[in-house]
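Report on the following structure.
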Amino acid sequence: MLRTHTCGELRTSHIGQSVTLCGWVDTYRDFGGLVFIDLRDRYGMTQVVFNPSLAEMHAVARSLRNEDVIRVTGEVVARPADMQNLKLSTGEIDLKGRQLEVLNKSKTPPFFPTQAELPNEELRLKYRFVDLRRPAVQQAMILRHNLSKATRDYFDENGFLEIETPMLGRSTPEGARDYLVPSRVHEGCFYALPQSPQIYKQILMVAGYDRYFQLAKCFRDEDLRADRQPEFTQIDVEMAFVQQDDILGTIDGLMARLVKKLRGTELKLPLPRLTHREVMERFGSDKPDLRFGLELTDLGEIASVCDFGVFKSTIESGGRVRGIRVPGAAEKYSRKQIDDLTEFVKQYGARGLAFFRVKDGELDSPIAKFFSPDHQKAIIAKLDARPGDLIFCVADSFKVSSAALNALRLRLGKELNLFDPQELKIAWVVDFPMFQWNDEEKRWDAEHHPFCQPVEEDIPFLDSDPGKVRAQSYDLVCNGYEAASGSVRIHDSTVQQKIFNLLGITNDEAEARFGFLLEALRYGAPPHAGVALGLDRWVMLFLASDNIRDVIAFPKTQKAGDMLTGAPAEVDPKQLRDLHIKVDVPR
RNA sequence: GGGGUCGUAGCUCAAUUGGUUAGAGUACCGGACUGUCGAUCCGGUGGUUGCGGGUUCGAGCCCCGUCGACCUCGCCA
């Protein structure tokens with residue numbers, strides 16, 4: 001070892017000892033005489049003092065610059081009482097330099113790890129090796145490690161085996177676009193990187209590995225978002241001889257463990273179980289942020305009898321009129337700000353945003369004249385509104401009113417600081433619908449995927465009314481994010497057949513796409529169920545970050561590029577020849 | 001594929017709304033200084049305003065295109 005201690009380690013108890021530290025020069029303060037160096041590594045910072053009495057060393061110390069890598073041997077000395085730096089954990093001592101070795105000079109970096117202003121993200125990603133030295137990024141990496149470790153410990157203690165599944169798999173043209181990998185040996189054939197280990201883990205259940213988990217890398221070639229990367233990590237879980245409640249209970253336990261390990265607090269179990277129908281009504285979203293109120297209220301009864309044409313016709317055409325009450329916000333939002341909010345909800349398909357300022361027993365609004373005093377009172381009563389409140393309404397289809405009001409609710413919650421950003425509000429959403437009607441193609445689509453087991457009592461509806469069929473599928477939601485998703489799988493081929501028929505997938509198609517899974521299920525598949533948690537998202541949530549790139553050491557940009565390495569890049573023509581690939585880029 | 005924000009010194013930003021030689025802080029280089037910790041003081045270097053075109057007597061600013069980053073709708077079974 002080139003060092004005896006780290007830069008975050010030395011205390012008054014080490015005074016008098018001779019030690020050697022290695023690290024990066026964080027800052028230098030040169031007084032002509034004394035030279036101070038803050039020496040930094042990922043454990044902390046220690047101040048090193050160089051005295052001019054050792055002339056040769058002192059001259060080298062004066063030449064040090066930010067981010068040089070050095071090795072210093074010296075004596076741990078107490079700082080005079082009025083010279084202590086309480087901001088540093090090592091601030092009661094100095095290292096008095098006796099021997100200084102420059103291990104490596106550094107080019108002047110474009111930014112410094114401990115500078116106050118954060119440079120733009122593009123630059124941080126290009127110089128990620130500097131950015132990763134930033135204490136905040138290091139904290140994120142440490143938390144991520146701790147989360148992974150706690151997860152592995154938990155599953156290990158509960159009898160699960162971590163089993164790796166292949167990265168090079170078979171493309172199944174379902175769901176997201178695959179990343180393809182050409183085969184050299186099989187000319188013209190391609191592997192696909194896994195979107196998830198779904199099929200392998202089900203096969204593992206058939207094979208009798210009844211408790212499986214894996215921290216699995218997954219890949220999806222879709223457009224990115226602040227919470228979405230093209231490659232990401234799932235905590236992937238599958239169990240055999242279980243029912244839905246067993247999965248939920250297992251993950252309840254995992255969440256309690258993670259909260260305990262990472263936050264040091266107790267999580268109350270069981271986590272709430274909310275039905276899909278309920279959260280869609282109350283929040284307009286299947287991944288509600290439960291940290292604050294502003295719940296949606298149905299105003300259909302009043303809307304259907306009022307004189308406001310937009311409301312009335314919406315109800316008549318089978319749509320919904322719903323509102324949210326924002327307590328005490330009547331004066332907080334100017335007309336111009338409300339116009340901004342109107343534009344905002346239009347992004348989600350809403351045609352407009354009605355608003356009312358609540359006065360004493362009546363409503364103040366450009367559209368108030370369409371509502372009789374009785375109707376105004378009814379709206380106030382229905383929303384339990386008080387003078388000074390602000391009411392927003394969206395009249396549209398269930399889908400659009402949900403999307404628009406959910407977005408509005410999240411925006412208002414943030415703008416009005418209605419929640420503690422550090423808080424974690426975790427709940428299950430259960431009883432998702434099995435199918436959703438695809439109006440464009442006039443057929444039923446799987447809401448989740450075609451291998452979900454329907455709720456037993458709904459199976460008769462498969463023939464009569466597929467829209468009524470609930471799936472035994474469930475999502476874990478936290479602070480407005482979908483943080484896990486899973487289902488009980490179909491292990492009975494006749495039920496599976498029915499589902500495929502409903503989705504318009506012929507037997508031949510099913511065999512061609514999933515034949516290897518269907519065949520495996522015919523060889524003694526036990527009842528099984530599983531779930532997958534987004535590891536990156538959970539690290540985000542524990543860090544109270546809203547940027548997934550914060551929790552990944554080497555993330556990709558929104559166009560899925562790597563600013564550090566320049567990937568993706570063109571390849572040598574010889575490589576393409578080996579693969580029999582001709583590139584044909586338009587323009 | 002659509003909508004939006006941004007791009008000026010190494011970095012973070014400004015430039016009186018189209019008007020002289022594009023400024024500041026910080027970083028960097030040089031000098032002074034023996035207890036600082038956002039050190040201080042003095043001096044200095046540093047710019048094809050992302051790139052290409054256009055309008056104009058004149059463009060960092062207006063217009064068109066393009067590249068890149070970010071946010072978002074669609075998409076992500």
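Note that the coordinates shown come from a computational prediction; the quantities given were computed from them, not determined experimentally. Within every chain, numbering begins at 1; the chains are lettered A, B, ... in the order of the sequence lines, protein sequences first and strands thereafter.
A/Glu121 comes within 4.0 angstrom of sugar-phosphate atoms only, judged by non-hydrogen atoms across all strands, and of no base. Residue contacts shown for A/Asp94 include a base, since a base heavy atom lies under 4.0 Å away. Within the nucleic acid shown, A/Pro450 comes within 4.0 Å of at least one base atom, counting heavy atoms only. Among the protein residues, A/Arg79 comes within range of the nucleic acid bases, having at least one heavy atom under 4.0 Å from a base atom. Heavy atoms of A/Phe232 sit nowhere under 4.0 angstrom from any nucleic acid atom. The residue A/Asp221 sits apart from the nucleic acid: no heavy atom pair falls under 4.0 Å. Residue A/Arg549 is classed as a sugar-phosphate contact, given heavy-atom separations below 4.0 Å to backbone atoms only. When heavy atoms are screened at a 4.0 angstrom cut-off, A/Phe111 is found touching no nucleic acid atom at all. Counting any heavy atom pair closer than 4.0 Å across all strands shown, A/Arg29 reaches a base atom. Contact annotation for A/Leu224: no contact, since no heavy-atom pair falls under 4.0 Å across all strands.
Taking atom CG on A/Leu86 and atom C1' on B/G38, their separation rounds to 17 Å, with Å as the unit. Taking atom OH of residue A/Tyr348 and atom C1' of nucleotide B/G4, one finds them 12 Å apart after rounding to whole Å.
Between A/Phe432 and A/His276, the angle of the ring planes lies from 30° to 60°, which puts this pair in the tilted group.
Contact check, A/Lys126 against B/A69: no side-chain N or O comes under 4.0 Å of OP1 or OP2. Contact between the side-chain N/O atoms of A/Gln558 and the OP1/OP2 oxygens of B/C71 is found at a separation under 4.0 Å. When the side-chain nitrogen and oxygen atoms of A/Thr108 are compared with OP1 and OP2 of B/C28, none of them lie within a distance under 4.0 Å. For the pair A/Lys559 and B/G68, the criterion of a side-chain N or O lying under 4.0 Å from OP1 or OP2 is met. In this structure, A/Asn85 does not reach the B/U36 phosphate: none of its side-chain N or O atoms is under 4.0 Å from OP1 or OP2.
A salt bridge is defined here as a Lys NZ or Arg NE, NH1 or NH2 lying under 4.0 Å from an Asp or Glu carboxylate O, and A/Arg277 with A/Asp431 fails to meet this definition. The existence of a salt bridge linking A/Lys336 and A/Asp339 is excluded, since no basic side-chain nitrogen approaches an acidic carboxylate oxygen closer than 4.0 Å.
Heavy atoms only, all atoms of each residue included: A/Asp289 and A/Arg291 are closest at OD2-NH2, 2.7 Å.
A 3.5 Å limit on both hydrogen-bonding distances identifies B/G4 as the Watson-Crick or G-U partner of B/C70.
Counting only heavy atoms from C-beta on, A/Ala226 has its side chain closest to B/U72 among B/A69, B/U72, B/U36. Distances were taken from every side-chain heavy atom of A/Asn51 (C-beta onward) to each of B/A39, B/U34, B/U36; the shortest belongs to B/U34. Minimum atom distance to the side chain of A/Arg225 is reached by B/U72, of the listed B/U72, B/C33, B/C11.
Considering only heavy atoms from C-beta on, A/Asp94 comes within 4.5 Å of A/Arg79 through its side chain.
Base orientation of B/U17: syn, since the glycosidic angle falls within 90° of 0.
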